[in-house]
Structures are given as structure tokens and as C-alpha cells.
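The chains referred to below are lettered A, B, ... by the order of the sequence lines, with proteins before strands, and numbering in each begins at 1.
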Amino acid sequence: MSTRIALVFAGQVPVGEKVTIEGWIRTRRDSKAGLSFLAVSDGSCFDPLQVVAPQELTNYATDVVRLTAGCSVRCIGELVASQGKGQTVELRADTVEVVGWVDDPDTYPMQPKRHTMEYLREVAHLRPRTNVIGAVTRVRHTLAQAVHRFFDQQGFFWVHTPIVTASDAEGAGQMFRVSTLDLENLPRTPAGRVDFDKDFFGKEAHLTVSGQLNVETYCMALSRVYTFGPTFRAENSNTRRHLAEFWMIEPELAFADLAADAQLAEDFLKFIFKTLLDERKDDMQFFEKHVDKDCITRLTAMIDSKFERMDYTDAIATLVASNKKFEFPVSWGIDLQSEHEKFLTEEVVKGPVAVVNYPKDIKAFYMRMNDDEKTVAAMDILAPGIGEIIGGSQREERLDMLDRRITQMGLHAGDYNWYRDLRRYGTVPHAGFGLGFERAILYATGIENIRDVIPFPRAPRQAEF
RNA sequence: UCCGAAGUAGCUCAGUGGUAGAGCAGGCGGCUGUUAACCGCCGGGUCGCAGGUUCGAUCCCUGCCUUCGGAGCCA
């Protein structure tokens, strides 16, 4: 059984102990003193372990000096204090077994040098071997663990909402169709339409764009629930902040209003980022040094800050009073554009801000109508450097109001019968929010393109690997 | 989808209307308890694809493809 390199650096392996490590060669440096230095990484932590391979090894001339980046090895030897600078301990190898060679090292795509992120996307099956993608992967894992830990500690239950949804109306975004019909030979109704009664589910089905409506049903029984899973949008978005497949976190809180929702969001963000800083120091230091020098101070500032609250109406007044020239003119009733959000969070508040109570006409049907009948209890949390990071709302718990909103939006109440039932049987005020998981990773690491924080990005015309 | 930019060696890039170079990587040799080391030599390219202009195009023009940045949509 081999030892993970992370345990070695964590001091859990005493100097003098014989260990086996297994991993991949990052670099090899030969010394005429009669030994080679192998940087071996197993991905368990940021740093590779230095393995010292003396020329006395029986396969030194045949194997060790032929090692190149990417070769897999099993090294057995004694952990010793390093004689060189740059590391405190190293492995003095008794054996270096080559598990797998690299065919044609000349064209091995992952060289021990800096690659562009664009290039790495083209070799998505090999890019986890790089420092940056390895670090992203560990950060992503730690944040995901922190998400679950936060909700667990707060008494929330993780509800696995469906990926495939046959609801007639999700109400948000364009959806990917799920069908087993033969596209070359579609069944038709007498009226000439595609006959989805012949399809697998007997009706139209799609990939989910949000688990919210489903999770609300469990909220009306278990009080505190959340979803955390993949969601899909078939929109032709080509930006560094959008994916066709991304992971979303959506908590739902019963007996709660918008203020409680905003507080939950604030506590949540602070918890997951604090956990990240506590548990992934090595990787975060790499991001600070090579990707975004402000990433750690940005997270620290957020953790220590008190999120501001700002009414939408006040936000509009602030934007107008700034006399700043915006590409999109500002007036009450508009949806805030990227430039407006950035201005508010980066120049006015200079920190995270929850903007609340948006005009009803620019928000979804399920958001709770405020007493003014002009605004709904919606919120967006804006953060410097990224803009909107969380969107949420108090849900409309009054059936008559919900029905009125459904009608106003040109939707059909009949399509939402199970959702309406929640308002007929023991309805309660409740609220929730949605967080795009990859956006949180962008914010934490300073990585610029969302395609670099998910292992296999899905975007328009991009579904390789 | 709209606006802008870019596609030259395995990678990162320079360059020219007369078919091309550097650094890194790779191979060989030298040197060193080395730190993405250093020194020397060597191999390696349909200059994104398709047309057009021209005696001649990698360079100029047109179209297409791909990628990047911004916007919209949104998380």
C-alpha cells in the first residue's frame, strides 16, 4: 500500500520511515554526483515529492535517466531530511519502478512549462496533470464538501431532485430535449404535430434547468432542504461565465422571509470560503501567486465583512445620482445590467451587497408580491469582480396571488397543479436562493474562464471528451 | 446571436509578396545535491481550410471553420 504524498508533507510520516509512493513524473534533473532528482506528483496536494534516485539502482541507466514528464512510477525508499534547498524532506529511493512510459515524449502534450488555458481545454483529458487544473480540482472538491457540511450543520437535508423533468413548464431558460423518438422518422398526430405520446415518457421531457420547484415540495415537509447537482441550459451563451451544463446549489427554507434568506446566503458564502482558506492553503497560495494576487485578500475581506442590504429602488437612485455614463440607461423598472451591478458592488459598496425587492415585471412568477404590488421579494447578491453570485427570493405562498401572477405572465395554472397544491395544503412562507457552483469557484480562485473550473465543460459546439 | 481580435514547429511566440526563425520541449554530449537548472550539437513546419488577385501568396482580398475578449441571455 502506497503513501499519499499529502500525508508526507502533513508530517504524518516520520523521517527514517520506509515508504512507497506512486505517481507521475513532473521533471527529472540529473546530477553528475551520480543521482537523479525526480519530482513526483500523485495529485494529493499541490507540491510534488522529490525522489532522489542514486545511480546504484539496478535500472538507473536503463530506466531512471530515460524518465520524462508524465511517466508513472512506483518509488520505494526511506524518507530523509533533504540535503538541498527547496524542500525539507525527500525520498531516497531503493527502487524506482516504471509503471508506464510516455510514448514519444517529444509530442507529450503536457510539458513542464506554462501552457495557455485555451490550449489546456483542447487536451481536457490530460490537463488534470497540470498544477493549475490540479489545484482547481482540489478547490472544487473542498468547496463542494463545505457546501454539504454547512447545510448539514444547519439542519438542511440534501434532496436529489430529478435531472430529467417532464414538467410542462419549468419557466426558466431554454431546455435540452430528452427523447427516444427516431429523429429520422418522427411519429405524427392526425394534426401533423410530433406525437410525444409515443415518446419514452409519453410527453415532452427535458433536462432540468433548476431543481427549485421540486425542492420546494420537500421544503413543505422537511422545512430545510437543498439541492446540489447538475443543471442544463440550452442557451447560445458564449461568455466566460456560462456553461450549458453546470452545478447549482439551491437551498429552500420554510417559515422564512427574504431577510432570513439573505442572512442564510451570507452565512453560507462566508462558511464555504472560510473552509477553503483553512483547508486548501497550498492551492490558494498558488492561485495568489500565479493567477490572481487578490484572491486570498478578497475572500478574507468577504468573510470579515457584513453584507450590505440595498433596496432595488435605492440602487436605481444611486446609479442615477452617480451621473456615470452607462451603456444601458438607468431608470426604475429596468433589470440591472452587468455594468450596473459592477458599479454598485465595486464602487459604491466596495464589497458584497444584497439588492432586494425588484420590480415584479422583471422577475419570475413564483416570487412573492410585496405589499406595494409593484415589487417582489427577490434578491441578488452582488460581489466585486464577478457581479451577481447568488439570486434568490421569498416564494409566493398565497394561492390567489400565485395564480394571478401565473396568468399575468401568460402561463397556464393547469401546468403547475402540483406546485399549486403546496399552497392549498398547509402553505407557509418560504424562501430560497440559487448559486452557480462554478461561479463560486471563479470567485474564489480568480480563474477567468468558467470552462477551466469544471472538468469537462459543455458549451455551444463543445462537448468533446 | 451581435461587436472586436487572433489562428506560423509538440508548446509559447517573432517574421516576410520570392515557400520561414527564436525560446521551451525532445534526442545526443558536457557540467552540477539539482530546484520548470546551465552549456554545445541535432532532428522537427501543406504558415487554420477553400477560393481569388499575382509571374509567384504564409503575407493582399473574399468566404468558411475554430479560439479568445466584450455584450445580450443568465447562475
Q) More than 12 non-hydrogen atoms from neighbouring residues, nucleotides or ligands closer than 6.0 Å to CZ on R177(A), yes or no? A) yes
Q.
When you measure from the side-chain N and O atoms of Q337(A) to the phosphate of C73(B), is any distance below 4.0 Å, counting only OP1 and OP2?
A. yes
Q.
In whole Å, I'd like the distance from the NE2 atom of H115(A) to the P atom of A36(B).
A. 16 Å
Q. Using the P atom in both, what is the distance from G43(B) to C64(B), to the nearest Å?
A. 42 Å
Q: Grab the CD1-C1' distance between I25(A) and A25(B) for me, whole Å please.
A: 16 Å
**Q.** Carboxylate-amine/guanidinium proximity below 4.0 Å for D283(A) and R280(A)
**A.** yes
Q: Rounded to the nearest angstrom, tell me the gap between atom CZ in F37(A) and atom C1' in C38(B).
A: 15 Å
Q. What does L243(A) touch in the nucleic acid at a heavy-atom separation under 4.0 angstrom: a base, only the sugar-phosphate, or nothing?
A. base
Q) Can you find a pair of side-chain heavy atoms, one from R241(A) and one from S338(A), that are under 4.5 Å apart? A) yes
Q) When rounded to the nearest Å, what value does the distance between C1' atoms of U67(B) and C49(B) take? A) 15 Å
Q) Can you tell me how far P in C24(B) sits from the matching atom in G17(B), rounded to whole Å? A) 28 Å
Q) Which residue pairs satisfy the salt bridge (charged side-chain N to carboxylate O under 4.0 Å, His left out) criterion with at least one member in residues 354-363 of chain A, sequence neighbours excluded? A) K363(A)-D380(A)
Q) Phosphate oxygens OP1/OP2 of G72(B): is one of them under 4.0 Å from a side-chain N or O of S338(A)? A) yes
Q | Nearest-neighbour nucleotide for the F328(A) side chain, G33(B), A71(B), C68(B) considered | A | A71(B)
Q.
Centroid separation under 6.0 Å, is that true for the rings of W247(A) and F228(A)?
A. yes
(Q) Using the ring centroid of each side chain, check whether H340(A) and F326(A) are separated by less than 6.0 Å. (A) yes
Q) Do H242(A) side-chain and C74(B) base share a donor-acceptor contact under 3.5 Å? A) yes
Q: Take atom CG of L67(A) and atom C1' of G26(B), then tell me their distance rounded to the nearest Å.
A: 15 Å
Q.
OP1 or OP2 of C73(B) versus the side-chain N and O atoms of S237(A): is any pair under 4.0 Å?
A. no
Q: Could you walk me through whether H430(A) and Q394(A) pass the side chain to side chain donor-acceptor pair (under 3.5 Å) test, one step at a time?
A: CA-CA 6 Å; H430(A) 60 294; Q394(A) 184 174 345; over 6 Å; no
Q: Find the distance Y119(A):OH to G7(B):P and express it as a whole number of Å.
A: 18 Å
Q) Which sits closer to the 5' end of RNA chain B, L336(A) or E448(A), going by the nucleotide each is nearest to? A) E448(A)
Q) In whole angstrom, what separates N238(A)'s CG from G69(B)'s C1'? A) 12 Å
Q: Note every stem involving RNA chain B: at least three consecutive Watson-Crick or G-U wobble pairs, i with j then i+1 with j-1, with both distances under 3.5 Å.
A: B:1-7 with B:65-71, B:10-13 with B:21-24, B:26-30 with B:38-42, B:48-52 with B:60-64
(Q) With a 4.5 Å cut-off on side-chain heavy atoms, are R233(A) and M175(A) touching? (A) no
Q: Look at the side-chain N and O atoms of R233(A) and state whether any lies under 4.0 Å from the OP1 or OP2 oxygen of C74(B).
A: no
Q. Just by modelled atom types, is the F246(A) backbone N or O under 3.5 Å from a matching donor or acceptor in the T231(A) side chain?
A. yes
Q.
Looking at the base of G7(B), is there any donor atom on it, or on the side chain of E118(A), that sits under 3.5 Å from an acceptor on the other one?
A. no
Q.
Looking only at the side chain of Q87(A) (C-beta and beyond, no hydrogens), which of the listed nucleotides U32(B), G33(B), C11(B) gets closest?
A. G33(B)
Q: Scan E90(A) against the nucleic acid and name what it touches under 4.0 Å (heavy atoms): base, sugar-phosphate only, or nothing.
A: base
Q: Taking only the side-chain nitrogens and oxygens of N449(A), find out if one of them lies under 4.0 Å from OP1 or OP2 of G69(B).
A: yes
(Q) Quick check for you: among G72(B), C74(B), G10(B), whose closest atom lies nearest to any side-chain atom of R241(A)? (A) C74(B)
Q: Quickly work out the D103(A) CG to G26(B) P distance and round it to whole Å.
A: 16 Å
**Q.** Check: N357(A) and T313(A) side chains under 4.5 Å, non-hydrogen atoms
**A.** no
Q: Return the nearest nucleotide to the side chain of R240(A); candidates are U1(B), G70(B), G26(B).
A: G70(B)
Q) Which part of the nucleic acid, if any, lies within reach of T231(A) when heavy atoms closer than 4.0 Å are counted: base, sugar-phosphate only, or nothing? A) nothing
Q) For the atom pair CD1 (I76(A)) and OG1 (T20(A)), what is the distance rounded to the nearest 0.5 Å? A) 4.0 Å
Q: Consider the side chain of L35(A), meaning its heavy atoms from C-beta on, and name the nucleotide among U35(B), C73(B), G33(B) that approaches it most closely.
A: G33(B)
Q) Can you tell me how far C1' in U53(B) sits from the matching atom in C60(B), rounded to whole Å? A) 8 Å
Q | Inter-nucleotide C1' distance (G29(B), G10(B)), Å rounded | A | 23 Å
Q: List in numerical order all residues of residues 122-146 of chain A for which some heavy atom is under 4.0 Å away from an atom belonging to RNA chain B.
A: none
Q. Given atom CZ of R26(A) and atom C1' of A36(B), what is their separation to the nearest angstrom?
A. 11 Å
(Q) Over all strands shown, is F246(A) touching base, sugar-phosphate only, or nothing at heavy-atom distances under 4.0 angstrom? (A) base
Q: Output yes when at least one side-chain N/O atom of R28(A) is less than 4.0 Å from OP1 or OP2 of A36(B), else no.
A: no
Q) When we call it a touch if two heavy atoms are under 4.0 Å apart, what does S82(A) touch: a base, just sugar-phosphate, or nothing? A) base
Q) A25(B) and U35(B): how far apart are their P atoms, nearest whole angstrom? A) 13 Å
Q.
Pair E341(A), Q337(A) - check side chain to side chain donor-acceptor pair (under 3.5 Å), show working.
A. CA-CA 6 Å; E341(A) 294 179 342; Q337(A) 302 294 318; over 6 Å; no
Q. Can you tell me if the side-chain N/O atoms of S31(A) get under 4.0 Å from OP1 or OP2 in G33(B)?
A. yes
Q) Which residue lies toward the 5' end of RNA chain B, R451(A) or Q83(A), if each is placed at its nearest nucleotide? A) Q83(A)
Q: Pick the P atom in A14(B) and in A6(B), then give their distance to the nearest Å.
A: 11 Å
Q: Output the single nucleotide from G27(B), A36(B), A71(B) whose closest atom is nearest the side chain of R114(A).
A: A36(B)
Q) Looking only at atom C1', what distance separates A20(B) and G15(B), rounded to whole Å? A) 8 Å
(Q) The side chain of R461(A) is closest to which nucleotide in this list: G70(B), U66(B), C74(B)? (A) U66(B)
**Q.** Candidate pair R29(A) and S31(A), rule side chain to side chain donor-acceptor pair (under 3.5 Å), full reasoning
**A.** CA-CA 7 Å; R29(A) 293 179 295 275; S31(A) 168; over 6 Å; no
